[in-house]
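Working notes, beginning with the structure itself.
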Amino acid sequence: MESKEHVIDLPKRVYIGNDVILNVREYLTSLNLSDPFLIVTGPIVRKSAASKLLESIGDFKHEVIEVQSADIEEVNRVGEFAKQFKANTIIGIGGGSVIDVAKYVAFRIDKEFISIPTAPSHDGITSPFASIKGLGKPISVKAKGPLSIIADIQVLSSAPRRLINAGVGDTLGKFIAVRDWKLSSKITGEYYGDYTASLALLSAKHALSCTKLLNKDIRAGVRVLVEALISSGVAMGMAGSTRPASGSEHLFAHAIEMLYPGKGLHGELVAIGTILMAYVHGINWRKIKRAMKRVGLPTKAKEIGIPDEGVIKALTIAHSIRPERYTILGDRGLSWSSAEKIAKETGVIS
Ligand SMILES: NC(=O)C1=CN([C@@H]2O[C@H](COP(=O)(O)OP(=O)(O)OC[C@H]3O[C@@H](n4cnc5c(N)ncnc54)[C@H](OP(=O)(O)O)[C@@H]3O)[C@@H](O)[C@H]2O)C=CC1
Ligand SMILES: O=C(CO)COP(=O)(O)O
Ligand SMILES: [Zn+2]
């Protein structure tokens with residue numbers, strides 16, 4: 001029988017360390033990339049990290065474009081600009097939204113993509129997927145994986161603590177995602193990649209240990225966190241889907257994003273989803289909650305402006321967001337009363 005081709009997208013080179021952003025010109029040259037470069041960034045990052053990048057790029061032909069959010073209108077605008085400018089390479093420098101727009105534009109116009117994260121807030125740093133609003137569903141779609149990642153620890157550790165914590169939250173979610181995947185393989189017969197799942201699980205373990213380190217030594221903690229985020233992205237690249245990194249905890253986060261757009265960072269919502277789904281899976285949710293409190297991640301929905309009823313509603317609709325991906329929520333999802341019980345017992349609502 002002919003086996004279907006499986007393509008694994010992995011970055012060619014990862015540059016990680018203090019002040020690596022100052023060497024970008026040298027890295028681009030060694031990757032055999034030629035100008036023009038289109039630098040995609042956001043309004044805050046443009047004034048800080050992106051200006052360091054521009055110093056390094058020097059006289060390479062380039063243009064800078066700012067994006068406000070990760071939606072399809074922004075993708076179209078940046079894509080048009082990239083075509084007119086005849087960009088050879090797209091460089092995304094910023095948080096998750098900017099990186100997603102840059103990698104999705106690179107995918108659509110088939111150009112190389114370089115990922116320069118300025119906040120360790122999400123595992124889209126490495127993944128060949130992008131979350132773009134306006135494509136119908138709040139879940140990620142196929143995009144261009146980065147040829148290279150340039151992770152400047154000095155830049156990443158000076159990101160606001162809330163963004164750093166969000167990265168811990170996104171990564172803790174893998175404790176659930178891999179369990180949902182394994183469960184699905186037993187119930188639906190879906191392929192389960194042991195190695196890929198182990199890699200995602202390892203990221204979650206590192207995120208857990210990093211909750212102690214971050215309070216003692218921010219740079220050392222961020223370094224561990226960034227490595228965990230990168231490996232989780234590698235797991236997605238190997239699986240060819242976000243399966244190892246996104247299960248029922250992400251479905252809860254997506255449901256909240258749909259009901260309350262703009263409330264809470266992605267990683268904060270995933271972290272709360274992780275407490276709830278750890279309870280449903282029967283694993284030690286208290287340990288996860290303690291770790292979240294240690295770094296200052298919100299553990300109650302009210303802390304990020306979500307009413308108690310909103311949490312219950314999100315729990316009851318989460319299963320319907322991606323029905324093709326089986327999770328502990330099953331095909332029917334949670335009833336209102338069981339959702340309320342779970343949210344109350346875990347202290348997510350009062
Ligand atoms: N593709 C994938 O596989 C994944 C994608 N995601 C997606 O990523 C997004 C979440 O990313 P997240 O980073 O949490 O949030 P956003 O990118 O939406 O926002 C981050 C904010 O922090 C600012 N910022 C970034 N770096 C710094 C810094 N060093 N100092 C000060 N401010 C900074 C940004 O500034 P500015 O205004 O300049 O942009 C922006 O305002 C979601 O859309 C989520 O769906 C999440 C996980 C995986
Ligand atoms: O956020 C992600 C992984 O952390 C991507 O997940 P989704 O595929 O559910 O959007
Ligand atoms: Zn995520």
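Treat the numbers as computed from the prediction; the structure is a model and nothing was measured. Counting starts at 1 for both ligands and their atoms, following the listed order.
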_So does Lys313 get a backbone contact from the side chain of Thr316, meaning a donor-acceptor N/O pair under 3.5 Å?_
yes
Checklist line | Any donor-acceptor pair under 3.5 Å from Lys103 side chain to Ser127 backbone | finding: yes
message: If I apply the N/O under 3.5 Å rule, does Lys133 come out as touching ligand 1?
response: no
Numbered in order shown, the ligand 2 atoms found under 4.0 Å of a heavy atom of His266 are 1 (O)
min-distance protein heavy atom vs atom 4 (C) of ligand 1 -> Gly124 CA, 3.7 Å
Ranking Ser232, Gly264, Pro160 by closest non-hydrogen atom to atom 31 (C) of ligand 1, top hit is Pro160
- Query: For Ile349, does its backbone N or O pair with a side-chain atom of Asp308 as donor and acceptor, under 3.5 Å?
  - Reply: no
For Ala204 and Leu172, the nearest pair of non-hydrogen atoms, with its separation, is O-CD2, 4.1 Å
* Asked: Quick one: does NZ or CZ of Lys144 land under 6.0 Å from the six-membered ring centre of Tyr104, within 45 degrees of the ring axis?
  -> no
If we number the atoms of ligand 2 from 1 as shown, the ones under 4.0 Å from a heavy atom of Ile139 are 10 (O)
| Thr242 to ligand 1: N or O pair under 3.5 Å? | no
among protein heavy atoms, the one nearest atom 40 (C) of ligand 1 is Ile44 CD1, 4.8 Å
task: Compute both the distance and the angle, then confirm whether Arg25 meets the cation-pi test with Phe60: under 6.0 Å from the six-membered ring centre, within 45 degrees of the axis.
output: yes
Looking at Ser127, Gly96, Ser246, Ala166, the heavy atom closest to atom 3 (O) of ligand 1 belongs to Ser127
Quiz item: Any N or O of Gly94 that comes nearer than 3.5 Å to an N or O of ligand 1?
Solution: no
Going by distance only, is there an N or O of Asp123 that falls short of 3.5 Å from an N or O of ligand 1?
no
A student comparing Glu249, His250, His122 should find that the heavy atom closest to atom 1 (O) of ligand 2 comes from His250
Checking heavy atoms under 4.0 Å, the part of Ala159 that sits near ligand 1 is both
In Asp170, the N/O/S atom nearest the Zn ion (ligand 3) carries the name OD1
Closest to atom 10 (C) of ligand 1 among protein heavy atoms sits His266 CB, 4.0 Å
re atom 3 (C) of ligand 2, the protein heavy-atom contact at minimum distance is Asp123 OD1, 3.3 Å
- Task: Kindly indicate whether atom 29 (N) of ligand 1 is approached by any protein heavy atom to under 4.0 angstrom.
- Result: yes
Checking heavy atoms under 4.0 Å, the part of Lys103 that sits near ligand 1 is side chain
Per-atom filter on ligand 2: closer than 4.0 angstrom to a heavy atom of Arg322 are 7 (P), 8 (O), 9 (O)
Separation between CG (Leu156) and CD1 (Ile16), nearest 0.5 Å, reads 8.0 Å
TODO: Keeping the roles fixed (side chain from Gln84, backbone from Phe81), state whether a donor-acceptor pair exists under 3.5 Å.
DONE: no
Distance-only, no hydrogens or angles: does the Thr188 side chain make a donor-acceptor pair with backbone N or O of Ser185 under 3.5 Å?
no
### Task
Would you check whether Pro43 has a nitrogen or oxygen atom less than 3.5 angstrom from a nitrogen or oxygen atom of ligand 1?
yes
Atom 7 (C) of ligand 1 has as its nearest protein heavy atom Asp100 OD2, 3.4 Å
Logged contact type for Val270 with ligand 2, heavy-atom cut-off 4.0 Å, is neither
(Q) Tell me if a side-chain donor or acceptor on His62 pairs with a main-chain N or O of Ala87 at a distance below 3.5 Å. (A) no
The reported gap from CE in Met277 to CH2 in Trp285 (rounded to nearest 0.5 angstrom) is 14.0 Å
Are the side chain of Asp152 and the backbone N or O of Asp19 linked by a donor-acceptor pair below 3.5 Å?
yes
Item checked: Pair Arg162 + Glu268, salt bridge at N-O below 4.0 Å -> yes
Counting both backbone and side chain atoms, is some N or O of Asp170 under 3.5 Å from an N or O of ligand 1? no
With no hydrogens and no angle check, is any side-chain donor or acceptor of Asp180 less than 3.5 Å from a backbone partner on Gly247? no
Any non-hydrogen protein atom below 4.0 Å of atom 33 (C) of ligand 1? yes
If you scan protein heavy atoms around atom 10 (O) of ligand 2, the nearest is Ser140 N, 2.9 Å
CD1 (Ile90) and CD (Glu112) are apart, to the nearest 0.5 Å, by 10.5 Å
Is Gly42 in polar range of ligand 1, meaning some N or O pair under 3.5 Å apart?
yes
Any N/O pair Arg325/ligand 2 closer than 3.5 Å:
no
| query | Mind checking whether Leu163 has an N or O less than 3.5 Å away from an N or O of ligand 1? | reply | no
So the atoms of ligand 2 within less than 4.0 Å of a heavy atom of His254 turn out to be 7 (P), 9 (O), 10 (O)
> Would one find an N or O of Thr118, backbone or side chain, under 3.5 Å from an N or O of ligand 1?
Replying inline: yes
Among non-hydrogen protein atoms, atom 1 (N) of ligand 1 lies closest to Phe129 O, 2.6 Å
Original post:
For Ser121 and ligand 1, does the shortest N/O to N/O distance drop below 3.5 Å?
Top reply: yes
Task: Under 3.5 Å donor-acceptor, Trp181 side chain and Gly193 backbone - done: no
Near Asp170 (heavy-atom distance under 4.0 Å), the atoms of ligand 2 are 4 (O)
Checking distances from the Zn ion (ligand 3), one finds that the N, O or S atom of His266 closest to it is NE2
**Request:** State whether the side chain of Ser56 and the backbone N or O of Lys52 hold a donor-acceptor pair below 3.5 Å, judged by distance alone.
**Result:** no
The Zn ion (ligand 3) -> His250, closest N, O or S atom is NE2
Short version for Ser97: what comes under 4.0 Å of ligand 1, heavy atoms counted, is both
